[in-house]
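Since this is a predicted model, take the numbers as computed values, not measurements. Remember, it's 1-based here, ligands and their atoms both numbered in the order they're listed.
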Amino acid sequence: MADGSSETKSSNQMWGGRFASGPDAIMEEINASIGFDKKLYAQDIRGSIAHATMLAHQGIISAEDKDKIVHGLDTILSEIDSGAFEFSRRLEDIHMNIEARLAALIGPAAGRLHTARSRNDQVALDFRLWVKEELQKTEKALTGLIAAFLDRAEEHAETVMPGFTHLQTAQPVTFGHHCMAYVEMFGRDRARVRHAIEHMDESPIGAAALAGTGFPIDRHMTAKALGFREPTRNSIDTVSDRDFALEFLSIAAIAATHLSRLAEEIVIWSTPQFGFIRLSDAFSTGSSIMPQKKNPDAAELVRAKTGRVNGSLVALLTVMKGLPLAYSKDMQEDKEQVFDAAESLELAIAAMTGMIRDVTIRADRMKAAAGSGYSTATDLADWLVREAGLPFRDAHHVTGRVVALAEQKGCDLAELPLAELQAINSAITDKVYGVLTVEASVASRTSFGGTAPSEVRKQIAWWRARN
Ligand code: ARG
């Protein structure tokens, strides 16, 4: 980027009318946003074309000037696209870089483009367009991740694994059911994304500096041309508001948190001690010293990206929290947070989608672990309630004694002889063995949203119809 340091110190050509000299070098450095807001060039040009077209339609500028402006902006778009454009820090930001280039290309007509607008509504427009597009990309990416989970859930609707609470073996579940828990989580993230798009679908352009304008502009026309549902309704709020950016960051932080929990499970499950999954070579790395190692680096980095995304949310909330209405330059600090969080989230979703599609599920290991830790103890208690008519609290107590006995003998519940079970409670019959296997346990949990394969398949079908 040309930083303008070799240029002579003169007042700014865009707003320098009342200034005798140019800014101090440090002022220029702290003030400039071109280093990061150049990312908004396509949105800025699109916004300017819509604005100029509306100005001409309303008779505020001539059709001839409009044509020159649009042509010039098209040229600038291809210059930036091709890398030929020279950005100048002296010109502060993307808006003034483009306008200065327009003046160089088409002469005085360029000066008419800024009629009835300010950089305050201009930046609000550019940034909103960018965030809206990013939300649309996020929606697509989440749909891809959900689809990956639906496929794995279908494949493993019958695969048993231990379900955990406190990371202690709790009750057997199906791996398909566990996958579907993530479908629910990412489905909620996607619903939040859709809602946010709807929420922010209002065009800021025409709010001008903060008070609107006396020119007979048509904000409905620009809103429509830019793909917004309608224009915003309060010009002061329009240039003060960054809720759309905060909403993006909150959604990103929640989604990153979900991704991080999944990443943590992948890290745990891929250890030799658990051995529930084997990561593909494509999503793991080796160690430079220990030849046997296969590390879940991608999952670890997804887990870590959450820190960046959460940091961005807190940073922008903190920037905004004390600002009086309307625009303050503090708000220029909004962009880097959103850009960084967006990049992290996109990468994290893509990496996770790849990992979920590629990972090998070790059903034998899952099954072996599913039966350990007396995971079917609740099934025994439920059986005592159902078949022997015990109140649940009593059944719980009886089962506790059975577990203690098995623990003492070092065997599974199903390996205890009937006589010893009957010594604890005489109502127990040999039918009880039918509920002590993990397969019987999961098959019995047919309550709505439960872990039974039949139930999991219903939930997969429900999501497939909506994905
Ligand atoms: N670069 C500025 C930003 O990102 C654009 C708006 C500047 N407006 C102003 N009144 N100085 O917020």
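Using a 4.0 angstrom heavy-atom cutoff, Glu92 does not count as in contact with ligand 1.
Applying the 6.0 Å contact sphere to CZ of Arg229 captures more than 12 heavy atoms from other residues, nucleotides or ligands. A 6.0 Å sphere centred on CZ of Arg365 holds more than 12 heavy atoms belonging to other residues, nucleotides or ligands.
Using a 4.0 Å cut-off to heavy atoms of Asn120, the atoms of ligand 1 that qualify are 8 (N), 9 (C), 10 (N). Every atom of ligand 1 with a heavy atom of Lys335 under 4.0 Å away is listed here by number and element: 3 (C), 4 (O), 12 (O). Below 4.0 Å from some heavy atom of Ser33 lie the following atoms of ligand 1, by number and element: 1 (N). Applying the 4.0 Å criterion to heavy atoms of Asp93 picks out, from ligand 1, the atoms 1 (N), 2 (C), 5 (C).
Considering backbone and side-chain N/O of Gln332, one or more are found under 3.5 Å from N/O of ligand 1.
Residue Tyr327 holds the heavy atom nearest to atom 7 (C) of ligand 1 of all those in Phe36, Phe127, Tyr327. Ranked by closest heavy atom to atom 11 (N) of ligand 1, the top entry among Met96, Gln122, Arg119 is Arg119.
Salt-bridge check for Glu264 with Arg303: passed, with a basic side-chain N closer than 4.0 Å to an acidic carboxylate O.
Aromatic ring orientation, Phe339 versus Phe127: perpendicular (interplanar angle above 60°, classes split at 30° and 60°).
His178 and Glu265 form a side-chain donor-acceptor contact under 3.5 Å, judged by distance and modelled atom types alone.
Each of Arg278, Met161, Arg362 was checked for a side chain to side chain contact (heavy atoms under 4.5 Å, CB included) with Trp269, and the lone residue meeting it is Met161.
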